[in-house]
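Working notes for the structure below.
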Amino acid sequence: MAHSSPFTEVPMSQQTDSPYVRTQQYTRGAGKLLQPPAVPMQAEWSLPHLDPVTSATHIFPEGEFVPHGFFEKISPEWFVPETEQKEWKYYMRREAQKILPFLYLGQYASVKDRHWLKGQGFTLLLAIRDERFPHICGKNAAAELGIEAATFAVPRIQDFVSIGSHVIRTINDHISSSHTPVSNEWPYKKVFVFCETGNGYSGLALVAYLMVMLNLKLQHALAAVHMQRLSVEADEPSRQMLASFESIVIAKRNVEEARRAATEGTSLMVPTRTVCKKRSFTDRDEDEAMEDIMDIGADEHATFDRKPVAPFQDS
């Protein structure tokens, strides 16, 4: 026969004489704190007003994310995202989804379908894969179809921060190149971005791309991708990595804003001595911003290894 304990367990947060107070919501049962859902809720699935993508709205040094003369070769209509929220079905994981008119996201298995690749008119097969899977690439398919291929191998999720800008520049170099298109249908250049499942590094790369090119905040860029491919992974390490990338992007944008403001201000200033003084302030701002970026990189591993917030603290 089971004997009842003379003591009844009372949660610490309900003990009137407890020296501890809750720092966050929690639930009993599973023994773990409630975590936010990995996928954005539907209330978050709305995009803000988007300005046309031009040299005026792309507030980064020319050559950083786009090649010189990029905005004379592309049209703002290339950068209008798909806004219709699809009713997601499981089988859609095996298909590719259009994120921008020239930019598609999907899994490696689609690369094996040469007929589909040719029919879609892709001009670049871009693999962004886990370093452990060297077979994930589009080199052979591209050679057969007479198009281009590129591959980025990522050792760990944290390492994506260091290659994100190179991925973005690779896409933009291609779509603004003068190579002969494979079809006469618009858009003339089309990029298929993929990884093994189409839900890992390739999806995160397109989130980063939208943050830079459309000036979207992380949550909006992630929502824009999820609206088309819900299966893209958005776990906590992925979000932390993208948050680190977003911090770097914001710092670069702030530096360029300061430089442009100083250039516009000093262009009307005389004598030359005053202009030099203004430039020294700009240089100092750039140095400080770049130091912040380096600090982000130095603390990157600490960010991913940080301990969770304690559920209680001393009152």
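What's counted below: heavy atoms across the whole structure, side chains too, no hydrogens, waters or symmetry copies.
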Main chain of G63, side chain of R169: is a donor-acceptor contact present, judged purely on distance under 3.5 Å? yes
So, is the end of the K189 side chain (NZ or CZ) under 6.0 Å from the ring centre of F102 and within 45° of the ring's axis? no
Could you check whether the rings of F122 and W116 sit parallel, tilted or perpendicular, using 30° and 60° as the cut-offs? tilted
Do L216 and P48 have side chains that approach each other closer than 4.5 Å (heavy atoms only, starting at C-beta)? yes
Report yes if some heavy atom in the side chain of Q228 is under 4.5 Å from a heavy atom in the side chain of L105; otherwise report no. no
Could you give me the CA-CA distance, side-chain angles and deciding distance for I147 and L124, then say whether side chain to side chain contact (heavy atoms under 4.5 Å, CB included) is met? CA-CA 6 Å; I147 60 177; L124 171 63; over 6 Å; no
Consider only side-chain heavy atoms of I, L, V, M, F, W and Y, link residues closer than 4.5 Å, and tell whether V53 and I59 are in one cluster. no
Kindly compute the distance separating CG (D173) from CD1 (I168), expressed to the nearest 0.5 Å. 12.0 Å
Taking the side chain as every heavy atom from C-beta outward, state whether L50 and P81 have any atom pair closer than 4.5 Å. yes
Are L230 and Y91 connected, step by step, through hydrophobic side chains (Ile, Leu, Val, Met, Phe, Trp, Tyr) whose heavy atoms are closer than 4.5 Å? yes
Short question: side chain of D130, backbone of F133 - any donor-acceptor pair under 3.5 Å? no
Can you confirm whether H135 is buried at NE2, in the sense that more than 12 heavy atoms of other residues, nucleotides or ligands lie under 6.0 Å from that atom? yes
Does the Q97 side chain pair with the main chain of M92, one donor and one acceptor, at a distance under 3.5 Å? yes
Determine whether F245 and V207 satisfy the following criterion, side chain to side chain contact (heavy atoms under 4.5 Å, CB included), listing intermediate values before the conclusion. CA-CA 10 Å; F245 183 79; V207 173; over 6 Å; no
Could you tell me whether a side-chain N or O of S176 sits under 3.5 Å from a main-chain N or O of F71, the two making a donor and an acceptor? no
As an exercise, state the distance from CD of E144 to CG of L117, rounded to the nearest 0.5 Å. 10.0 Å
For residues I250 and I248, determine if any side-chain heavy atom of one lies less than 4.5 Å from a side-chain heavy atom of the other. no
Indicate the atoms forming the closest heavy-atom contact of L204 with S238, along with that distance. CD1-OG, 3.8 Å
When H58, R253, H220 are each screened for side-chain hydrogen bond (donor to acceptor under 3.5 Å, both in side chains) with N215, the one that passes is R253
Is the closest side-chain heavy-atom distance between F70 and I175 below 4.5 Å? yes
Contact summary for M213 and N172, nearest pair of heavy atoms: SD-ND2, 3.4 Å
Go through the steps for S231 and N199 under the test side chain to side chain donor-acceptor pair (under 3.5 Å), then give the verdict. CA-CA 6 Å; S231 55; N199 304 321; 2.6 Å; yes
If you apply the rule side chain to side chain contact (heavy atoms under 4.5 Å, CB included), what do you find for L125 with E148, and how did you get there? CA-CA 6 Å; L125 304 180; E148 297 182 45; over 6 Å; no
Nearest 0.5 Å please: distance from the CG atom of L222 over to the CE atom of M211. 9.0 Å
Non-hydrogen atoms of P155 and D159 that approach each other most closely: CB-OD2, 3.4 Å
Euclidean distance, R129 CZ relative to S202 OG, rounded to 0.5 Å: 13.0 Å
Quick check: Y104 with F192 (ring centres under 6.0 Å apart)? no
Starting from the C-alpha separation in whole Å, work towards a yes-or-no answer on salt bridge (charged side-chain N to carboxylate O under 4.0 Å, His left out) for K89 and E87. CA-CA 7 Å; K89 304 292 185 181; E87 182 180 356; 3.2 Å; yes
Any idea which heavy atoms bring R229 and W88 closest together, and the distance? CA-CZ3, 3.6 Å
For the atom pair CG (L214) and CG (L100), what is the distance rounded to the nearest 0.5 Å? 6.0 Å
Less than 4.5 Å apart, side chain to side chain, heavy atoms only: is that true for Q107 and E196? no
Can you name the closest pair of heavy atoms from Y108 and F194 and give their distance? CD1-CE1, 3.8 Å
M241/Q158 under side chain to side chain contact (heavy atoms under 4.5 Å, CB included): CA gap, chis, key distance, verdict: CA-CA 6 Å; M241 179 278 292; Q158 301 96 317; 5.8 Å; no
Within-4.5 Å side-chain heavy-atom neighbours: T197 and R93: no
Please answer whether the main-chain N or O of Q120 pairs with a side-chain N or O of K190 as donor and acceptor at a distance below 3.5 Å. yes
Any donor-acceptor pair under 3.5 Å linking the side chain of T263 with the backbone of R259? yes
For L218 and A243 the tightest heavy-atom approach is CD2-N, 3.9 Å
So, does T151 use its side chain to make a donor-acceptor pair with the main chain of A127 at under 3.5 Å? no
Interatomic spacing from CD in E62 to CD in E256 - rounded to 0.5 Å: 9.5 Å
Does the side chain of R114 come within less than 4.5 Å of N140's, by heavy atoms? yes
